[in-house]
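Reckoned from all heavy atoms, side chains included, excluding hydrogens, waters and symmetry mates. This one's a predicted model, so the numbers in the text were calculated from it and none came from an experiment.
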Amino acid sequence: MTAKSPLEYFPAPRRANFCSQCGSPVNRRVPEGDNRERDICDHCGAIHYQNPRLVVGTVPVLDNRVLLCRRAIEPRYNTWTLPAGFMELGESTAQGAGRETLEESGARIRLGDIYTIIDVPQIEQVHVFYLAEVLGPELDPGPESLEARFYDEADIPWDDLAFRTVATTLQRYFEDRRRGTFGPHHYTLESHR
């Protein structure tokens with residue numbers, strides 16, 4: 001039996017080569033009245049603005065154990081993460097966080113307050129995690145997760161976490177739990193150099 005290959009990851013390109021309005025080639029320059037370079041179509045005049053992408057997720061907890069999912073997709077295939085993903089058009093951050101948690105773990109949750117807002121400018125993203133109460137032990141991971149599992153603090157697979165935003169959110173969660181007060185936390189993760 002052949003092992004199933006992980007789902008591929010193809011993020012949308014951040015630079016345009018052709019205008020999405022008329023199909024003509026675009027040029028990169030600072031438009032009049034602006035202060036940064038943009039992709040501009042000289043044929044129809046469209047300016048193609050790019051904005052940060054929003055990643056939304058949860059810190060789902062049941063009986064003092066945190067729910068983590070082992071990724072079945074790239075990037076970071078086979079590493080552990082909090083359930084999270086890109087927010088979809090037409091949904092709120094809360095709706096997106098709930099959807100991602102259900103899709104990746106199958107967990108039923110009661111969404112709590114915003115817990116961390118993390119600016120990640122080097123990859124043009126903002127990550128938002130909500131606290132969440134898991135309503136029962138039943139899990140049914142979707143196709144983006146190899147498995148989902150509840151972890152006590154002592155057993156968190158720190159060396160196999162997928163992203164720094166997940167690690168820092170978990171670190172703050174366990175620190176806050178010891179203090180007995182929870183967030184919110186807002187911070188910027190700078191690139192490693």
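Between D160 and T79, the shortest heavy-atom contact is O-CB, 3.3 Å. Considering all non-hydrogen atoms of both residues, P60 and V134 come closest at CB-CG2, 3.5 Å. Nearest approach of L189 to P121, heavy atoms of both residues: O-CD, 3.9 Å. Contact record, R76 with A162: NE-O, 2.9 Å, taken as the closest heavy-atom pair. Of all non-hydrogen atoms in S145 and P141, the two that sit nearest each other are CB-CB, 3.9 Å. Taking both residues in full, the closest heavy atoms of A132 and T58 are given as CB-CB, 4.0 Å, listed atom of the first, atom of the second, then distance.
Put simply, L54 and I114 are part of the same group of oily side chains (I, L, V, M, F, W, Y) that touch within less than 4.5 Å, one to the next. Under the 4.5 Å side-chain heavy-atom criterion for ILVMFWY residues, no single connected hydrophobic cluster contains both V128 and F163. In the hydrophobic clustering of ILVMFWY residues, with side-chain heavy atoms under 4.5 Å counting as a link, I40 and F18 come out apart. Residue V120 is not grouped with residue M87 when hydrophobic side chains (ILVMFWY) are merged at heavy-atom distances under 4.5 angstrom, including chains of intermediate members. Residues L82 and Y187 fall within the same hydrophobic cluster, defined by Ile, Leu, Val, Met, Phe, Trp and Tyr side chains chained together at heavy-atom separations under 4.5 Å.
The closest side-chain heavy-atom distance from N78 to L146 is below 4.5 Å. Inter-residue side-chain proximity for N64 and D152 is flagged as unmet; no heavy-atom pair is nearer than 4.5 Å. When side chains are defined from C-beta on, P31 counts as touching R38, because their heavy atoms get closer than 4.5 Å. By the 4.5 Å heavy-atom criterion applied to side chains, Y130 and V56 are not counted as neighbours. Residues L170 and L68 meet the side-chain proximity criterion, which asks for heavy atoms closer than 4.5 Å. V126 places a side-chain heavy atom less than 4.5 Å from the side chain of I117. A 4.5 Å side-chain heavy-atom check between E88 and F86 finds every atom pair outside the cut-off.
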Start with the C-alpha gap between R108 and E138, add the side-chain angles, then the distance that decides, and say whether salt bridge (charged side-chain N to carboxylate O under 4.0 Å, His left out) holds. CA-CA 8 Å; R108 293 176 303 105; E138 304 81 17; 3.6 Å; yes
Check the pair D42 / N27 against side chain to side chain donor-acceptor pair (under 3.5 Å), numbers first and verdict last. CA-CA 7 Å; D42 292 323; N27 295 301; 2.4 Å; yes
Going through the distances and angles, do E153 and F174 end up as a side-chain contact (heavy atoms from CB on, under 4.5 Å)? CA-CA 7 Å; E153 179 180 2; F174 291 121; 3.4 Å; yes
Would you please test D119 and H127 for side chain to side chain donor-acceptor pair (under 3.5 Å) and show each step? CA-CA 7 Å; D119 298 317; H127 293 205; over 6 Å; no
Checking side-chain contact (heavy atoms from CB on, under 4.5 Å) for the pair C44/S24: CA distance, chi angles, key distance, verdict? CA-CA 8 Å; C44 73; S24 298; over 6 Å; no
Checking ring pair (Phe, Tyr, Trp, His ring centres under 6.0 Å) for the pair Y173/F129: CA distance, chi angles, key distance, verdict? CA-CA 11 Å; Y173 174 78; F129 289 96; over 10 Å; no
Stepwise side-chain contact (heavy atoms from CB on, under 4.5 Å) check, D155 with F150: CA-CA 10 Å; D155 299 322; F150 292 100; over 6 Å; no
Decide yes or no on side-chain contact (heavy atoms from CB on, under 4.5 Å) for R70 and Y77, but give the supporting numbers first. CA-CA 8 Å; R70 193 159 55 100; Y77 175 81; over 6 Å; no
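Counting heavy-atom neighbours within 6.0 Å of R110 CZ, excluding the residue itself, gives a total of 12 or less. Within a 6.0 Å radius of CZ in R36, no more than 12 heavy atoms belonging to other residues, nucleotides or ligands are found. More than 12 heavy atoms of other residues, nucleotides or ligands lie within 6.0 Å of NE2 in H186, so this atom counts as buried by the packing criterion.
Atom CD1 in I47 sits 8.5 Å away from atom CZ in R29 (nearest 0.5 Å). The distance from atom CD of E175 to atom CZ of F182, rounded to the nearest 0.5 Å, is 11.5 Å. Here the straight-line distance linking atom CD of E124 with atom CZ of R53 works out to 7.5 Å at 0.5 Å rounding. Interatomic distance, CG of L139 versus CD of E104, reported as 12.5 Å (0.5 Å rounding). Here the NE2-OG1 distance, from H185 to T116, works out to 8.0 Å after rounding to the nearest 0.5 Å. For the atom pair CZ (R71) and OG1 (T81), the distance works out to 6.0 Å, reported to the nearest 0.5 Å.
Between the side chains of Y115 and T169, no donor N or O sits under 3.5 Å from an acceptor N or O. No side-chain donor-acceptor contact under 3.5 Å links Q50 and H48.
A donor-acceptor contact shorter than 3.5 Å is absent between the side chain of S105 and the backbone of L102. The backbone N or O of S92 lies less than 3.5 Å from a partner atom in the side chain of Q95, making a donor-acceptor pair.
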